[in-house]
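Before any comments, here is the structure.
Hydrogens, waters and symmetry mates play no part in the numbers below; they use all other heavy atoms, side chains included. This is a predicted model, so every value here is computed, not measured.
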Amino acid sequence: MKTKNLSNAFRELRRQGYFAKQNFTCCQSCGWSEVPDDEGDRAVFYHRQDYQDMIKTGEVYLAWAGNGQEIVKILTDNGLSVTWDGSTETRIIVKI
């Protein structure tokens with residue numbers, strides 16, 4: 001698993017001004033409700049349910065807001081394989 005690469009990518013996302021959290025809250029609804037109001041337009045996270053799925057499948061789904069292409073570039077620049085259809089309506093999938 002490339003969890004170190006994922007942690008490095010999340011550090012870079014924070015440096016680029018994103019609210020970026022790993023294993024954040026219990027679910028997506030709670031995650032979005034806990035993102036600070038002033039940071040909701042640039043946020044990336046996965047929640048505990050996503051983390052449990054990542055352990056089983058080797059993939060994690062990211063909830064996000066902001067520039068999807070920029071987020072994907074940061075993830076791939078950190079050695080991660082990413083699947084995303086380019087839509088703001090879909091989550092970004094990272095293979096760990």
Side-chain angles (χ1 to χ4, degrees):
M1 285 185 136
K2 296 182 177 184
T3 54
K4 181 179 180 183
N5 294 31
L6 186 59
S7 293
N8 289 341
F10 269 74
R11 258 191 301 284
E12 180 61 25
L13 287 163
R14 285 189 291 277
R15 279 195 292 270
Q16 295 301 318
Y18 283 87
F19 176 88
K21 299 284 185 177
Q22 297 182 83
N23 203 10
F24 179 59
T25 72
C26 62
C27 65
Q28 189 168 320
S29 295
C30 290
W32 282 118
S33 72
E34 291 191 30
V35 171
D37 289 340
D38 62 335
E39 297 186 72
D41 59 339
R42 287 177 56 89
V44 182
F45 69 88
Y46 62 90
H47 50 72
R48 285 184 219 125
Q49 292 172 14
D50 292 326
Y51 176 77
Q52 292 301 317
D53 289 341
M54 179 178 71
I55 299 300
K56 294 176 193 170
T57 67
E59 294 182 338
V60 66
Y61 285 69
L62 304 181
W64 66 277
N67 182 330
Q69 292 176 341
E70 178 181 39
I71 294 166
V72 167
K73 182 176 182 339
I74 289 169
L75 294 164
T76 57
D77 285 353
N78 279 277
L80 297 163
S81 176
V82 175
T83 302
W84 178 53
D85 68 4
S87 169
T88 59
E89 302 299 315
T90 59
R91 295 172 77 192
I92 296 169
I93 305 167
V94 180
K95 183 159 181 68
I96 305 298

Working to the nearest 0.5 Å, report the span between CG of Asn8 and OG1 of Thr3. 9.5 Å

Are Ile55 and Val94 joined in one hydrophobic group, where the rule is that I, L, V, M, F, W and Y side chains link up if heavy atoms are under 4.5 Å apart? yes

Going by atom types only, do Glu70 and Tyr18 share a side-chain donor-acceptor pair under 3.5 Å? yes

d(Thr57 OG1, Asp50 CG) to nearest 0.5 Å is 9.5 Å

With a 4.5 Å limit on heavy-atom distance, are the side chains of Leu6 and Leu75 in contact? yes

Below 4.5 Å, heavy atoms only, C-beta onward: do Gln22 and Tyr51 meet side chain to side chain? no

How does the hydrophobic cluster around Phe19 look, that is, which other residues are in it when side-chain heavy atoms under 4.5 Å mark a link? Phe24, Trp32, Val35, Phe45

Is the side chain of Arg42 donor-acceptor paired with the backbone N or O of Gly66 at a distance under 3.5 Å, no angle test? no

Counting only heavy atoms not in Phe10 (residues, nucleotides, ligands), do more than 12 fall under 6.0 Å from its CZ? yes

Please answer: with hydrophobic residues joined when any side-chain heavy atoms are less than 4.5 Å apart, are Val82 and Val60 in the same cluster? yes

Among Asp53, Asn23, Thr25, side chain to side chain contact (heavy atoms under 4.5 Å, CB included) partner for His47: Thr25

Do you know which two heavy atoms are closest between Ala65 and Gly40, and how far apart they sit? CB-O, 3.4 Å

Between CZ of Arg11 and CZ of Arg14, what distance do you get to the nearest 0.5 Å? 7.0 Å

To check you understand the geometry: which heavy-atom pair defines the closest contact between Leu13 and Ala20, and what is its length? CB-CB, 3.9 Å

Nearest heavy-atom neighbours spanning Met54 and Tyr46: CE-OH, 4.2 Å

Smallest heavy-atom separation, Trp64 atom then Thr90 atom, equals NE1-O, 2.9 Å

Side-chain contact test, heavy atoms from C-beta onward, threshold under 4.5 Å: evaluate it for Lys73 versus Gln69 and give yes or no. no

Answer whether the closest heavy-atom distance between the side chains of Arg91 and Gln28 falls below 4.5 Å. yes

Looking at CD1 of Ile71 and OG1 of Thr76, how far apart are the two atoms once the value is rounded to the nearest 0.5 Å? 12.0 Å

Under a 4.5 Å side-chain heavy-atom rule over Ile, Leu, Val, Met, Phe, Trp and Tyr, are Ile74 and Leu80 clustered together? yes

Can you measure from CD (Glu12) to CG (Asp77) and round to the nearest 0.5 angstrom? 8.5 Å

